[in-house]
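Single-structure report; data block below.
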Amino acid sequence: MPIRKHKPFPNHFLWGGAIAANQTEGAFNQDGKGLSVDDVIPYIKPDQHGKMKMSNPDLKTIKEAKAGTSGNVYPKRWGIDFYHHYEEDIQLFAEMGFKALRISIAWSRIFPMGDELSPNEKGLLFYDRLFDALLAQGIEPVVTLSHYEIPLGLAEKYNGWADRRVIDCFVRYAKTVFKRYNTKVKYWITFNEINGILMGPFIAGGIITDRLKEDQLIQTIYQAAHHQFVAGALTVKACHTLCPDAKIGCMIAGVSVYPRSCKPEDVLAAMNEERRTLFFTDVQVRGYYPAYVRRFFTEHNMQIETQREDATILKEGRADFVAFSYYMSSVAEANKGELPVGRLFSEVKNPYLKSSDWGWSIDPQGLRYLLNILYDRYQKPLFIVENGLGAADKIEPDGSICDDYRIDYLRAHIEQMKEAIEDGVNLIGYTTWGPIDLISATTSEMSKRYGFIYVDQDNEGHGTLERKRKKSFYWYRNVIASNGEQLD
Ligand code: BG6
(Lines give C-alpha, C1' and ligand atoms only; values in the text may rest on other atoms or scores of the structure.)
Protein backbone atom coordinates (compact mmCIF):
# COMPACT_ATOMS: atom_id res chain seq x y z
CA MET A 1 0.00 0.00 0.00
CA PRO A 2 1.42 3.41 -0.86
CA ILE A 3 1.85 5.65 2.13
CA ARG A 4 -0.40 8.64 1.79
CA LYS A 5 1.64 11.79 2.00
CA HIS A 6 -1.23 13.97 3.12
CA LYS A 7 -4.01 13.22 5.51
CA PRO A 8 -7.25 13.52 3.62
CA PHE A 9 -9.56 16.38 4.44
CA PRO A 10 -11.69 15.54 7.45
CA ASN A 11 -15.10 13.98 6.89
CA HIS A 12 -17.81 16.63 6.87
CA PHE A 13 -15.33 19.19 5.55
CA LEU A 14 -17.39 22.17 4.42
CA TRP A 15 -16.60 22.51 0.70
CA GLY A 16 -18.54 25.21 -1.06
CA GLY A 17 -18.62 28.83 -2.12
CA ALA A 18 -19.17 32.29 -0.68
CA ILE A 19 -21.24 35.21 -1.90
CA ALA A 20 -22.55 38.40 -0.31
CA ALA A 21 -25.97 40.03 -0.48
CA ASN A 22 -24.76 43.39 -1.77
CA GLN A 23 -22.77 41.84 -4.61
CA THR A 24 -25.43 39.39 -5.79
CA GLU A 25 -29.00 40.00 -4.67
CA GLY A 26 -29.95 43.16 -6.53
CA ALA A 27 -33.60 44.12 -5.81
CA PHE A 28 -32.09 46.98 -3.83
CA ASN A 29 -35.40 48.72 -3.27
CA GLN A 30 -37.85 45.84 -3.35
CA ASP A 31 -40.03 44.39 -0.61
CA GLY A 32 -39.22 47.15 1.83
CA LYS A 33 -35.41 47.05 1.63
CA GLY A 34 -33.64 50.28 2.56
CA LEU A 35 -30.45 51.54 0.92
CA SER A 36 -27.15 50.16 2.13
CA VAL A 37 -23.80 51.90 1.87
CA ASP A 38 -23.03 49.77 -1.16
CA ASP A 39 -26.02 51.04 -3.09
CA VAL A 40 -24.30 54.41 -3.49
CA ILE A 41 -20.95 53.03 -4.64
CA PRO A 42 -20.48 53.55 -8.38
CA TYR A 43 -18.67 51.36 -10.88
CA ILE A 44 -15.10 52.65 -11.00
CA LYS A 45 -13.39 52.42 -14.35
CA PRO A 46 -9.93 50.92 -13.77
CA ASP A 47 -7.16 53.52 -13.87
CA GLN A 48 -3.41 53.11 -14.06
CA HIS A 49 -2.82 52.42 -10.38
CA GLY A 50 -6.09 52.29 -8.56
CA LYS A 51 -7.24 48.74 -9.12
CA MET A 52 -7.26 48.01 -5.41
CA LYS A 53 -8.77 51.16 -4.03
CA MET A 54 -12.11 51.25 -2.30
CA SER A 55 -14.59 54.08 -2.57
CA ASN A 56 -15.01 56.33 0.44
CA PRO A 57 -17.59 58.76 -0.95
CA ASP A 58 -18.20 62.18 0.54
CA LEU A 59 -21.61 63.61 1.48
CA LYS A 60 -22.05 65.34 -1.88
CA THR A 61 -21.37 62.13 -3.80
CA ILE A 62 -23.82 60.21 -1.63
CA LYS A 63 -26.48 62.86 -2.18
CA GLU A 64 -25.96 62.73 -5.94
CA ALA A 65 -26.13 58.95 -5.94
CA LYS A 66 -29.43 59.04 -4.08
CA ALA A 67 -30.85 61.72 -6.35
CA GLY A 68 -29.65 59.89 -9.49
CA THR A 69 -27.91 63.02 -10.79
CA SER A 70 -24.32 61.78 -10.94
CA GLY A 71 -24.39 60.04 -14.32
CA ASN A 72 -22.74 57.00 -12.69
CA VAL A 73 -24.01 53.43 -12.55
CA TYR A 74 -24.38 51.53 -9.27
CA PRO A 75 -24.01 47.82 -10.07
CA LYS A 76 -24.52 46.62 -6.50
CA ARG A 77 -28.11 47.76 -6.82
CA TRP A 78 -28.75 45.03 -9.34
CA GLY A 79 -26.04 42.47 -8.47
CA ILE A 80 -26.73 39.33 -10.50
CA ASP A 81 -30.38 39.41 -9.48
CA PHE A 82 -29.85 36.51 -7.09
CA TYR A 83 -32.99 37.73 -5.32
CA HIS A 84 -35.01 36.30 -8.19
CA HIS A 85 -32.57 33.63 -9.41
CA TYR A 86 -31.60 31.98 -6.13
CA GLU A 87 -33.43 28.72 -6.79
CA GLU A 88 -31.70 28.20 -10.13
CA ASP A 89 -28.33 29.18 -8.64
CA ILE A 90 -28.68 26.85 -5.66
CA GLN A 91 -29.53 24.07 -8.07
CA LEU A 92 -26.19 24.68 -9.80
CA PHE A 93 -24.32 24.76 -6.49
CA ALA A 94 -25.97 21.47 -5.58
CA GLU A 95 -24.88 20.01 -8.91
CA MET A 96 -21.28 20.80 -7.91
CA GLY A 97 -21.91 18.98 -4.63
CA PHE A 98 -21.62 21.99 -2.33
CA LYS A 99 -21.76 21.15 1.36
CA ALA A 100 -21.96 24.81 2.36
CA LEU A 101 -22.83 28.18 0.92
CA ARG A 102 -21.67 31.30 2.67
CA ILE A 103 -24.14 34.12 2.18
CA SER A 104 -24.80 37.34 4.00
CA ILE A 105 -28.05 38.84 5.16
CA ALA A 106 -28.61 42.37 3.90
CA TRP A 107 -29.13 44.19 7.20
CA SER A 108 -31.14 46.89 5.35
CA ARG A 109 -33.58 44.25 4.11
CA ILE A 110 -34.45 43.45 7.73
CA PHE A 111 -34.09 46.93 9.25
CA PRO A 112 -34.31 49.34 6.29
CA MET A 113 -32.84 52.40 8.04
CA GLY A 114 -30.98 50.34 10.61
CA ASP A 115 -32.46 51.82 13.77
CA GLU A 116 -36.12 50.75 13.59
CA LEU A 117 -37.46 48.79 16.54
CA SER A 118 -39.26 46.14 14.52
CA PRO A 119 -38.13 44.22 11.44
CA ASN A 120 -39.39 44.11 7.87
CA GLU A 121 -41.27 40.82 7.58
CA LYS A 122 -40.84 40.61 3.81
CA GLY A 123 -37.09 40.76 4.22
CA LEU A 124 -37.16 37.97 6.79
CA LEU A 125 -39.33 35.86 4.51
CA PHE A 126 -36.79 36.06 1.70
CA TYR A 127 -34.09 34.48 3.87
CA ASP A 128 -36.55 31.85 5.12
CA ARG A 129 -37.07 30.80 1.54
CA LEU A 130 -33.36 30.97 0.76
CA PHE A 131 -32.34 28.83 3.74
CA ASP A 132 -35.11 26.34 3.00
CA ALA A 133 -33.90 26.02 -0.59
CA LEU A 134 -30.34 25.40 0.61
CA LEU A 135 -31.32 22.89 3.28
CA ALA A 136 -33.51 21.03 0.79
CA GLN A 137 -30.31 20.39 -1.21
CA GLY A 138 -28.30 19.41 1.87
CA ILE A 139 -26.28 22.65 1.71
CA GLU A 140 -25.35 24.20 5.05
CA PRO A 141 -25.88 27.98 5.15
CA VAL A 142 -22.93 29.89 6.61
CA VAL A 143 -24.28 33.34 7.34
CA THR A 144 -22.42 36.62 7.73
CA LEU A 145 -24.41 39.24 9.59
CA SER A 146 -22.67 42.25 8.10
CA HIS A 147 -20.80 42.02 4.81
CA TYR A 148 -20.00 45.56 3.69
CA GLU A 149 -23.69 46.47 3.68
CA ILE A 150 -24.51 48.56 6.73
CA PRO A 151 -27.79 50.46 6.19
CA LEU A 152 -27.08 53.86 4.64
CA GLY A 153 -29.47 55.37 7.22
CA LEU A 154 -26.98 54.51 9.96
CA ALA A 155 -24.12 56.06 8.01
CA GLU A 156 -26.06 59.26 7.42
CA LYS A 157 -27.60 59.60 10.87
CA TYR A 158 -24.83 58.34 13.14
CA ASN A 159 -21.70 58.26 10.95
CA GLY A 160 -21.94 54.48 11.14
CA TRP A 161 -19.92 52.57 13.68
CA ALA A 162 -18.25 55.77 14.88
CA ASP A 163 -21.31 56.13 17.13
CA ARG A 164 -21.78 53.79 20.06
CA ARG A 165 -25.57 53.76 19.59
CA VAL A 166 -25.10 51.57 16.51
CA ILE A 167 -24.16 48.70 18.85
CA ASP A 168 -27.79 48.44 19.98
CA CYS A 169 -29.06 48.56 16.40
CA PHE A 170 -26.76 45.71 15.40
CA VAL A 171 -27.54 43.55 18.42
CA ARG A 172 -31.28 44.03 17.82
CA TYR A 173 -30.82 42.94 14.21
CA ALA A 174 -28.66 39.95 15.20
CA LYS A 175 -31.12 38.78 17.86
CA THR A 176 -33.97 39.08 15.35
CA VAL A 177 -32.29 36.78 12.85
CA PHE A 178 -31.02 34.37 15.52
CA LYS A 179 -34.56 33.89 16.82
CA ARG A 180 -35.98 33.57 13.34
CA TYR A 181 -33.44 31.15 11.86
CA ASN A 182 -32.17 29.21 14.85
CA THR A 183 -33.37 25.91 13.43
CA LYS A 184 -31.91 26.62 9.98
CA VAL A 185 -28.44 28.09 10.47
CA LYS A 186 -25.58 26.43 12.32
CA TYR A 187 -22.68 28.67 11.26
CA TRP A 188 -22.73 32.42 11.80
CA ILE A 189 -20.07 35.04 11.20
CA THR A 190 -20.30 38.48 12.80
CA PHE A 191 -18.49 40.94 10.48
CA ASN A 192 -16.98 40.30 7.09
CA GLU A 193 -13.29 41.30 7.04
CA ILE A 194 -13.57 43.45 10.14
CA ASN A 195 -10.07 44.78 9.49
CA GLY A 196 -11.37 46.09 6.14
CA ILE A 197 -12.37 49.23 8.02
CA LEU A 198 -8.74 50.35 7.67
CA MET A 199 -9.15 50.21 3.90
CA GLY A 200 -12.77 51.15 3.39
CA PRO A 201 -14.12 53.07 6.40
CA PHE A 202 -17.34 53.77 4.48
CA ILE A 203 -18.06 50.30 3.14
CA ALA A 204 -16.90 48.47 6.25
CA GLY A 205 -17.87 51.01 8.89
CA GLY A 206 -20.45 53.38 7.44
CA ILE A 207 -18.10 56.30 8.19
CA ILE A 208 -18.48 59.31 5.90
CA THR A 209 -14.93 60.52 6.00
CA ASP A 210 -15.35 64.13 4.88
CA ARG A 211 -17.28 64.80 8.08
CA LEU A 212 -14.00 64.36 9.94
CA LYS A 213 -10.85 66.42 10.08
CA GLU A 214 -7.91 64.56 8.60
CA ASP A 215 -6.25 64.03 11.97
CA GLN A 216 -9.48 62.57 13.43
CA LEU A 217 -9.84 59.83 10.86
CA ILE A 218 -7.58 57.12 12.20
CA GLN A 219 -8.80 57.59 15.77
CA THR A 220 -12.41 57.41 14.53
CA ILE A 221 -11.68 54.19 12.67
CA TYR A 222 -10.28 52.50 15.79
CA GLN A 223 -13.17 53.88 17.83
CA ALA A 224 -15.60 52.37 15.33
CA ALA A 225 -13.70 49.09 15.46
CA HIS A 226 -14.08 49.12 19.25
CA HIS A 227 -17.84 49.50 18.87
CA GLN A 228 -17.83 46.60 16.43
CA PHE A 229 -15.85 44.47 18.88
CA VAL A 230 -18.36 45.16 21.65
CA ALA A 231 -21.31 44.55 19.32
CA GLY A 232 -19.68 41.37 18.01
CA ALA A 233 -19.07 40.05 21.52
CA LEU A 234 -22.67 40.78 22.58
CA THR A 235 -23.79 39.00 19.42
CA VAL A 236 -21.67 35.94 20.19
CA LYS A 237 -23.30 35.74 23.62
CA ALA A 238 -26.78 36.17 22.17
CA CYS A 239 -26.09 33.49 19.58
CA HIS A 240 -24.97 31.01 22.24
CA THR A 241 -28.24 31.60 24.09
CA LEU A 242 -30.65 31.79 21.16
CA CYS A 243 -29.01 29.21 18.88
CA PRO A 244 -27.45 26.65 21.23
CA ASP A 245 -26.59 24.29 18.35
CA ALA A 246 -24.79 26.94 16.33
CA LYS A 247 -21.21 28.19 16.19
CA ILE A 248 -20.33 31.82 15.61
CA GLY A 249 -17.01 33.05 14.28
CA CYS A 250 -15.17 36.27 13.59
CA MET A 251 -13.60 37.07 10.24
CA ILE A 252 -10.66 39.01 8.87
CA ALA A 253 -9.09 39.71 5.51
CA GLY A 254 -6.10 37.42 5.93
CA VAL A 255 -2.76 38.47 4.53
CA SER A 256 0.58 36.78 5.11
CA VAL A 257 3.32 39.35 5.51
CA TYR A 258 6.97 38.78 4.64
CA PRO A 259 9.95 41.02 5.42
CA ARG A 260 11.59 42.57 2.37
CA SER A 261 14.95 41.25 3.60
CA CYS A 262 16.46 39.58 6.64
CA LYS A 263 17.48 42.99 7.94
CA PRO A 264 16.09 43.07 11.50
CA GLU A 265 14.32 46.36 10.79
CA ASP A 266 12.44 44.74 7.90
CA VAL A 267 11.51 41.76 10.07
CA LEU A 268 10.05 44.11 12.68
CA ALA A 269 8.22 46.02 9.98
CA ALA A 270 6.63 42.73 8.86
CA MET A 271 5.67 41.90 12.44
CA ASN A 272 4.02 45.29 12.85
CA GLU A 273 2.17 45.04 9.57
CA GLU A 274 0.93 41.57 10.45
CA ARG A 275 -0.30 42.89 13.78
CA ARG A 276 -2.45 45.51 12.04
CA THR A 277 -4.61 42.56 11.02
CA LEU A 278 -4.06 40.17 13.90
CA PHE A 279 -5.13 42.88 16.33
CA PHE A 280 -8.68 42.32 15.10
CA THR A 281 -8.62 38.58 15.75
CA ASP A 282 -6.65 38.98 18.98
CA VAL A 283 -9.48 41.02 20.48
CA GLN A 284 -12.28 38.81 19.17
CA VAL A 285 -10.68 35.46 19.96
CA ARG A 286 -8.77 36.23 23.15
CA GLY A 287 -11.29 38.71 24.48
CA TYR A 288 -9.00 41.61 25.35
CA TYR A 289 -6.84 44.27 23.73
CA PRO A 290 -3.23 43.16 23.22
CA ALA A 291 -0.49 45.26 24.80
CA TYR A 292 1.11 46.16 21.47
CA VAL A 293 -1.99 48.05 20.36
CA ARG A 294 -2.04 50.08 23.55
CA ARG A 295 1.46 51.25 22.66
CA PHE A 296 0.25 52.11 19.15
CA PHE A 297 -2.61 54.19 20.60
CA THR A 298 -0.30 56.02 23.01
CA GLU A 299 2.28 56.78 20.36
CA HIS A 300 -0.42 58.12 18.06
CA ASN A 301 -2.02 60.13 20.80
CA MET A 302 -5.27 58.25 20.41
CA GLN A 303 -7.83 57.84 23.17
CA ILE A 304 -10.43 55.19 22.52
CA GLU A 305 -13.58 55.78 24.54
CA THR A 306 -14.75 52.68 26.33
CA GLN A 307 -17.28 51.91 29.00
CA ARG A 308 -16.59 50.06 32.19
CA GLU A 309 -18.49 46.93 31.14
CA ASP A 310 -16.66 46.58 27.81
CA ALA A 311 -13.80 44.48 29.16
CA THR A 312 -16.24 41.90 30.56
CA ILE A 313 -18.31 41.91 27.37
CA LEU A 314 -15.24 41.22 25.23
CA LYS A 315 -14.15 38.42 27.54
CA GLU A 316 -17.55 36.75 27.60
CA GLY A 317 -18.19 37.02 23.86
CA ARG A 318 -15.22 35.27 22.28
CA ALA A 319 -15.56 33.78 18.81
CA ASP A 320 -15.94 30.01 18.39
CA PHE A 321 -13.94 29.84 15.19
CA VAL A 322 -11.71 32.05 13.07
CA ALA A 323 -12.81 32.67 9.52
CA PHE A 324 -10.73 34.53 6.98
CA SER A 325 -10.42 35.42 3.34
CA TYR A 326 -7.15 34.83 1.58
CA TYR A 327 -6.14 36.25 -1.77
CA MET A 328 -2.54 37.41 -1.50
CA SER A 329 0.51 38.09 0.59
CA SER A 330 2.36 41.30 1.30
CA VAL A 331 5.96 42.46 1.67
CA ALA A 332 6.92 44.90 4.41
CA GLU A 333 9.93 47.15 4.45
CA ALA A 334 11.31 49.33 7.22
CA ASN A 335 11.28 53.12 7.07
CA LYS A 336 8.38 53.30 4.69
CA GLY A 337 6.31 55.19 7.22
CA GLU A 338 2.84 54.35 8.48
CA LEU A 339 0.40 52.78 6.08
CA PRO A 340 -2.23 55.41 5.28
CA VAL A 341 -5.96 54.90 5.70
CA GLY A 342 -7.14 53.19 2.55
CA ARG A 343 -4.38 50.60 2.60
CA LEU A 344 -4.56 47.36 4.51
CA PHE A 345 -1.00 46.35 3.73
CA SER A 346 2.08 47.59 1.83
CA GLU A 347 2.17 47.39 -1.89
CA VAL A 348 5.85 46.45 -2.22
CA LYS A 349 6.08 43.99 -5.09
CA ASN A 350 7.29 40.48 -4.31
CA PRO A 351 9.69 39.55 -7.13
CA TYR A 352 9.15 35.84 -6.50
CA LEU A 353 5.42 35.90 -7.17
CA LYS A 354 3.20 36.33 -10.18
CA SER A 355 0.13 38.55 -9.98
CA SER A 356 -3.41 38.43 -11.25
CA ASP A 357 -4.54 40.81 -13.97
CA TRP A 358 -5.77 43.04 -11.15
CA GLY A 359 -2.30 43.12 -9.60
CA TRP A 360 -3.05 40.80 -6.66
CA SER A 361 -0.02 38.62 -5.90
CA ILE A 362 -0.62 34.89 -6.21
CA ASP A 363 0.89 33.02 -3.29
CA PRO A 364 -0.53 29.59 -2.40
CA GLN A 365 2.24 28.90 0.12
CA GLY A 366 1.29 32.09 1.87
CA LEU A 367 -2.01 30.39 2.66
CA ARG A 368 -0.24 27.52 4.41
CA TYR A 369 1.86 30.04 6.28
CA LEU A 370 -1.18 32.03 7.39
CA LEU A 371 -3.12 28.92 8.43
CA ASN A 372 -0.21 27.97 10.67
CA ILE A 373 0.17 31.47 12.10
CA LEU A 374 -3.53 31.63 12.99
CA TYR A 375 -3.72 28.12 14.40
CA ASP A 376 -0.56 28.47 16.48
CA ARG A 377 -1.87 31.73 17.87
CA TYR A 378 -5.45 30.76 18.69
CA GLN A 379 -5.88 26.97 18.61
CA LYS A 380 -9.40 27.50 17.31
CA PRO A 381 -11.02 25.86 14.28
CA LEU A 382 -10.19 27.78 11.12
CA PHE A 383 -12.48 28.34 8.16
CA ILE A 384 -11.28 29.75 4.82
CA VAL A 385 -14.42 31.57 3.76
CA GLU A 386 -13.02 33.31 0.68
CA ASN A 387 -10.28 32.51 -1.82
CA GLY A 388 -10.24 32.75 -5.57
CA LEU A 389 -8.96 34.38 -8.72
CA GLY A 390 -10.64 37.41 -10.26
CA ALA A 391 -10.09 37.18 -14.02
CA ALA A 392 -11.62 38.33 -17.29
CA ASP A 393 -13.14 35.20 -18.83
CA LYS A 394 -13.54 34.68 -22.55
CA ILE A 395 -16.38 32.80 -24.18
CA GLU A 396 -15.10 30.56 -27.00
CA PRO A 397 -16.97 30.42 -30.32
CA ASP A 398 -18.53 27.10 -29.24
CA GLY A 399 -19.86 28.74 -26.06
CA SER A 400 -17.40 27.10 -23.67
CA ILE A 401 -15.31 28.96 -21.08
CA CYS A 402 -11.93 27.35 -20.46
CA ASP A 403 -10.78 28.94 -17.22
CA ASP A 404 -7.70 26.78 -16.65
CA TYR A 405 -6.01 29.73 -14.91
CA ARG A 406 -8.72 29.60 -12.22
CA ILE A 407 -8.36 25.84 -11.83
CA ASP A 408 -4.55 26.21 -11.48
CA TYR A 409 -4.98 28.92 -8.85
CA LEU A 410 -7.47 26.97 -6.75
CA ARG A 411 -5.61 23.67 -7.10
CA ALA A 412 -2.40 25.24 -5.83
CA HIS A 413 -4.22 26.69 -2.81
CA ILE A 414 -5.99 23.43 -1.99
CA GLU A 415 -2.63 21.62 -2.11
CA GLN A 416 -1.31 24.05 0.48
CA MET A 417 -4.42 23.54 2.62
CA LYS A 418 -3.54 19.84 2.67
CA GLU A 419 -0.02 20.70 3.79
CA ALA A 420 -1.42 22.85 6.58
CA ILE A 421 -3.74 20.06 7.70
CA GLU A 422 -0.73 17.80 7.83
CA ASP A 423 1.04 20.49 9.87
CA GLY A 424 -1.75 19.95 12.40
CA VAL A 425 -4.08 22.82 11.58
CA ASN A 426 -7.76 22.24 12.35
CA LEU A 427 -9.38 23.46 9.15
CA ILE A 428 -13.15 22.96 8.96
CA GLY A 429 -14.09 24.35 5.59
CA TYR A 430 -13.28 26.09 2.35
CA THR A 431 -15.77 28.28 0.54
CA THR A 432 -14.27 29.80 -2.61
CA TRP A 433 -15.14 33.40 -3.35
CA GLY A 434 -17.81 34.05 -5.94
CA PRO A 435 -18.69 30.52 -7.13
CA ILE A 436 -20.99 32.40 -9.46
CA ASP A 437 -19.77 35.64 -11.11
CA LEU A 438 -20.79 38.68 -9.11
CA ILE A 439 -20.07 42.38 -8.67
CA SER A 440 -16.58 43.22 -7.42
CA ALA A 441 -16.37 44.69 -3.92
CA THR A 442 -13.49 47.04 -4.61
CA THR A 443 -14.31 48.27 -8.12
CA SER A 444 -18.03 47.43 -8.50
CA GLU A 445 -17.30 45.90 -11.89
CA MET A 446 -18.68 42.71 -13.38
CA SER A 447 -15.71 41.93 -15.59
CA LYS A 448 -13.61 40.75 -12.63
CA ARG A 449 -15.04 37.26 -12.51
CA TYR A 450 -14.42 34.59 -9.87
CA GLY A 451 -17.12 32.08 -10.72
CA PHE A 452 -17.43 28.46 -11.70
CA ILE A 453 -20.66 29.75 -13.22
CA TYR A 454 -20.61 32.54 -15.79
CA VAL A 455 -23.28 35.24 -15.65
CA ASP A 456 -24.10 37.07 -18.87
CA GLN A 457 -23.93 40.68 -17.74
CA ASP A 458 -21.53 43.58 -18.39
CA ASN A 459 -20.26 46.40 -16.19
CA GLU A 460 -23.21 48.61 -17.01
CA GLY A 461 -25.74 45.91 -16.22
CA HIS A 462 -26.56 44.84 -19.77
CA GLY A 463 -27.01 41.14 -20.53
CA THR A 464 -29.43 38.26 -20.35
CA LEU A 465 -28.31 37.08 -16.87
CA GLU A 466 -28.06 33.60 -18.34
CA ARG A 467 -25.95 31.26 -16.19
CA LYS A 468 -23.34 29.02 -17.92
CA ARG A 469 -21.06 26.34 -16.50
CA LYS A 470 -17.34 27.05 -16.97
CA LYS A 471 -14.65 24.34 -17.18
CA SER A 472 -13.85 24.95 -13.51
CA PHE A 473 -17.43 23.96 -12.63
CA TYR A 474 -16.74 20.32 -13.54
CA TRP A 475 -13.29 20.44 -11.94
CA TYR A 476 -14.61 21.68 -8.58
CA ARG A 477 -17.39 19.09 -8.67
CA ASN A 478 -14.70 16.39 -8.81
CA VAL A 479 -12.68 18.03 -6.05
CA ILE A 480 -15.69 17.96 -3.75
CA ALA A 481 -16.77 14.46 -4.73
CA SER A 482 -13.28 13.15 -3.91
CA ASN A 483 -13.07 15.20 -0.69
CA GLY A 484 -10.09 17.10 -2.06
CA GLU A 485 -8.17 14.09 -3.36
CA GLN A 486 -8.74 14.57 -7.07
CA LEU A 487 -7.23 17.89 -8.06
CA ASP A 488 -6.25 17.25 -11.71
C1 BG6 B 1 -13.12 40.38 -0.05
C2 BG6 B 1 -14.56 40.70 0.20
O3 BG6 B 1 -12.38 41.50 0.28
O4 BG6 B 1 -12.67 40.18 -1.34
C5 BG6 B 1 -15.48 40.36 -0.95
O6 BG6 B 1 -15.03 40.14 1.38
C7 BG6 B 1 -14.80 40.70 -2.25
O8 BG6 B 1 -16.67 41.05 -0.74
C9 BG6 B 1 -13.55 39.86 -2.40
O10 BG6 B 1 -15.61 40.60 -3.36
C11 BG6 B 1 -12.80 40.07 -3.68
O12 BG6 B 1 -12.58 41.43 -3.91
P13 BG6 B 1 -13.00 42.09 -5.29
O14 BG6 B 1 -12.69 43.51 -5.15
O15 BG6 B 1 -12.17 41.40 -6.31
O16 BG6 B 1 -14.44 41.82 -5.45
Side-chain angles (χ1 to χ4, degrees), residues 17-25 36-39 41-47 50-56 75-76 79-80 82 101-107 142-150 189-205 228 249-255 277 280 322-330 342-345 347 355-362 367 370 383-393 405-406 409-410 413 430-451 455 457 459:
I19 60 175
N22 75 81
Q23 292 168 258
T24 55
E25 281 179 9
S36 89
V37 287
D38 260 328
D39 294 323
I41 299 288
Y43 159 53
I44 306 169
K45 297 209 169 70
D47 61 20
K51 290 181 175 169
M52 209 13 232
K53 69 177 177 226
M54 272 194 169
S55 260
N56 287 302
K76 288 173 186 159
I80 52 164
F82 182 71
L101 182 74
R102 175 177 174 232
I103 62 126
S104 65
I105 295 178
W107 182 354
V142 177
V143 181
T144 310
L145 290 165
S146 183
H147 188 130
Y148 295 162
E149 57 217 339
I150 175 171
I189 292 171
T190 47
F191 297 98
N192 179 65
E193 296 187 338
I194 189 168
N195 53 333
I197 200 166
L198 298 173
M199 181 165 67
F202 181 69
I203 286 183
Q228 290 185 317
C250 58
M251 191 219 165
I252 49 164
V255 182
T277 282
F280 289 86
V322 180
F324 66 98
S325 60
Y326 178 80
Y327 294 93
M328 65 190 108
S329 56
S330 166
R343 292 246 303 274
L344 200 49
F345 45 84
E347 284 166 24
S355 296
S356 77
D357 289 345
W358 271 259
W360 294 18
S361 66
I362 300 176
L367 176 57
L370 184 62
F383 197 162
I384 302 167
V385 292
E386 287 185 32
N387 173 237
L389 180 72
D393 294 326
Y405 36 89
R406 183 166 294 112
Y409 177 101
L410 294 171
H413 284 78
Y430 179 64
T431 52
T432 66
W433 179 248
I436 182 164
D437 295 342
L438 39 66
I439 310 292
S440 157
T442 46
T443 59
S444 291
E445 68 194 305
M446 187 69 206
S447 41
K448 188 180 187 187
R449 297 173 181 272
Y450 285 86
V455 176
Q457 179 172 253
N459 292 330

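As the structure is a prediction and not an experimental result, all values here were calculated from the model. Residue indices begin at 1 and follow the sequence shown. Ligands are counted one by one from 1 in listed order, and the atoms in each one are counted from 1 as well.
Close N/O approach between M251 and ligand 1 is not found [any backbone or side-chain N/O within under 3.5 Å]. The distance criterion of under 3.5 Å between nitrogen or oxygen atoms is met by H147 with respect to ligand 1.
Taking every heavy atom of N192 and a limit of under 4.0 angstrom, the matching atoms of ligand 1 come to 6 (O). Every atom of ligand 1 with a heavy atom of E386 under 4.0 Å away is listed here by number and element: 1 (C), 2 (C), 4 (O), 5 (C), 6 (O), 9 (C). Each of the following atoms of ligand 1 lies closer than 4.0 Å to a heavy atom of T442: 13 (P), 14 (O). Listed by atom number, the atoms of ligand 1 under 4.0 Å from K448 heavy atoms are 13 (P), 14 (O), 15 (O). Contact atoms of ligand 1 toward Q23: 5 (C), 7 (C), 8 (O), 10 (O) (distance under 4.0 Å to a heavy atom of the residue).
For E193 and Y148, the side-chain atoms include at least one donor-acceptor pair closer than 3.5 Å.
For F324, there are no ring pair (Phe, Tyr, Trp, His ring centres under 6.0 Å) partners two or more places apart in sequence or in a different chain. With sequence neighbours excluded, the residues forming a salt bridge (charged side-chain N to carboxylate O under 4.0 Å, His left out) with D393 are R406, K470, listed by chain and number.
The aromatic rings of Y327 and Y450 sit perpendicular to each other, their planes meeting at more than 60°, with 30° as the lower class boundary.
Remark: I436 CD1 to F82 CZ distance equals 8.0 Å, nearest 0.5 Å.
Comparing Y326, W358, W433, Y450 against atom 15 (O) of ligand 1, the shortest heavy-atom distance belongs to Y450.
Side-chain atoms of E149 and S104, non-hydrogen and from C-beta on, do get closer than 4.5 Å to each other.
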